[in-house]
Amino acid sequence: MLDFVESSRAWLGSTDSRKVQPASGRLYQGGARLRASLAAMKILAISGSARRQSTNTALLRALQAIAPTGMALQVYTGIGDLPVFSPDLEGADEPGSVTDFKAAVAQSDGVLVCSPEYVRGIPGGLKNAIDWLVSGDQIVGRPIALVHASHRGEDMLQALRTVLSTVSAAFNAELFLRVPVLGLEPQQVADVLRSEAHRAEVEAFLHGFAEYCRP
């Protein structure tokens with residue numbers, strides 16, 4: 001959850017340059033326009049896995065590392081720290097981990113979600129995190145898109161699209177990035193994203209999502 005904590009501090013003030021890493025090589029066609037359009041763009045990237053060595057988390061961190069200048073991409077890895085949702089815990093009794101999670105969503109310009117498939121469905125931890133947002137306005141109208149780390153998982157993706165399009169009218173099913181990296185180590189995942197086969201696709205996705213998040 002360290003990425004989340006450090007980035008949250010940066011979001012409360014000026015952008016932390018340590019969390020905004022420029023992409024090497026070609027940014028995107030029309031690079032100057034891209035840099036202008038991404039000024040102060042804050043993207044929350046939620047990992048749907050509570051596993052320490054999660055491929056989904058590794059993929060989001062690899063995206064963070066090559067995000068264009070001006071895009072602060074914050075990786076949230078704390079779904080395992082959220083208690084089971086209960087309306088009785090809302091309001092004055094709301095746990096601190098939930099308050100921090102809601103604040104990160106509210107302060108973002110857009111949300112990316114990357115999740116594994118468990119028993120052909122959404123992992124319980126991710127669904128629980130979404131449930132904590134339902135009674136508030138943090139996710140309502142928030143731009144959301146999916147990132148996927150596997151060549152399979154269609155049942156989970158369909159269920160997640162249904163849930164996310166319900167909680168936010170700004171969920172974009174057309175913006176979707178699939179990079180099959182299942183079973184790879186974090187450094188291998190990063191190498192795949194930087195490879196000639198995927199780099200242009202990844203940069204185009206980040207650019208497209210940034211444009212979609214612009215007011």
Would Leu73 end up clustered with Val192 when hydrophobic side chains under 4.5 Å apart are linked, directly or stepwise?
yes
Among Leu59, Leu60, Leu182, find the one that has a side-chain contact (heavy atoms from CB on, under 4.5 Å) with Val189.
Leu59
Just wondering, do Leu133 and Phe101 contact through their side chains at under 4.5 Å, heavy atoms?
yes
Would you mind reporting whether Ile122 and Ile130 have side-chain heavy atoms less than 4.5 Å apart?
no
Side-chain heavy atoms of Ser150 within contact of Pro116, under 4.5 Å:
no
Between Cys213 and Met41, is any pair of side-chain heavy atoms under 4.5 Å apart?
yes
Is there side-chain contact between Leu82 and Phe85, with at least one heavy-atom pair below 4.5 Å?
no
To the nearest 0.5 Å, atom OG1 of Thr99 lies from atom CH2 of Trp132 at 9.0 Å
Could you report the tightest heavy-atom contact between Gly141 and Ala170, atom names first, then the distance?
O-CB, 3.5 Å
Would a 4.5 Å heavy-atom cut-off, applied to side chains only, mark Met71 and Phe209 as touching?
no
Would you mind reporting whether Asn128 and Ile79 have side-chain heavy atoms less than 4.5 Å apart?
no
Tyr76 and Leu44 have their tightest heavy-atom pair at CB-CD1, 4.0 Å
Cluster overlap Leu184 with Leu177, hydrophobic side-chain contacts below 4.5 Å:
yes
Starting at CE of Met156, measure out to NE2 of His148 and round the result to the nearest 0.5 Å.
4.5 Å
So which heavy atom on Ile144 is nearest to which on Ser168, and how close?
CD1-CB, 3.7 Å
Residues which pass side chain to side chain donor-acceptor pair (under 3.5 Å) with Glu90, listed by chain and number, not counting sequence neighbours
Ser135
Is there a continuous path of hydrophobic side-chain contacts, each under 4.5 Å between heavy atoms, that joins Val140 to Val111?
no
When hydrophobic residues are tied together by side-chain contacts of less than 4.5 Å, even through go-betweens, does Val167 share a cluster with Leu146?
yes
Distance from His198 atom NE2 to Leu193 atom CG, nearest 0.5 Å?
8.0 Å
Can you see which heavy atom on Leu206 is nearest to which on Ala67, and at what distance?
CD1-CA, 4.1 Å
How long is the straight-line distance from NZ of Lys42 back to CD of Gln107, given to the nearest 0.5 Å?
6.5 Å
Using the salt bridge (charged side-chain N to carboxylate O under 4.0 Å, His left out) rule, collect all pairs that involve residues 166-189, keeping only residues at least two apart or in two chains.
Glu154-Arg178
Quick one, Phe205 and Leu112 - any side-chain contact, counting heavy atoms below 4.5 Å?
yes
Interatomic distance, CG@Asn56 vs OG@Ser49, rounded to 0.5 Å, equals 6.0 Å
Here the pair of heavy atoms bringing Pro83 nearest to Val98 is CD-CG2, 3.9 Å
Looking at Gln158, is its backbone amide N or carbonyl O close enough to the side chain of Thr162 to form a donor-acceptor pair, meaning the two atoms are under 3.5 Å apart?
yes
Any chance you could measure Ile139, atom CD1, to Ser108, atom OG, to the nearest 0.5 Å?
7.0 Å
Indicate the atoms forming the closest heavy-atom contact of Gln74 with Gln64, along with that distance.
CA-NE2, 4.3 Å
Given Glu203, Glu196, Glu201, the one that forms side chain to side chain donor-acceptor pair (under 3.5 Å) with Arg199:
Glu203
Report whether Ile46 and Val134 are members of the same hydrophobic cluster (ILVMFWY, side-chain heavy atoms less than 4.5 Å apart, transitive linking).
yes
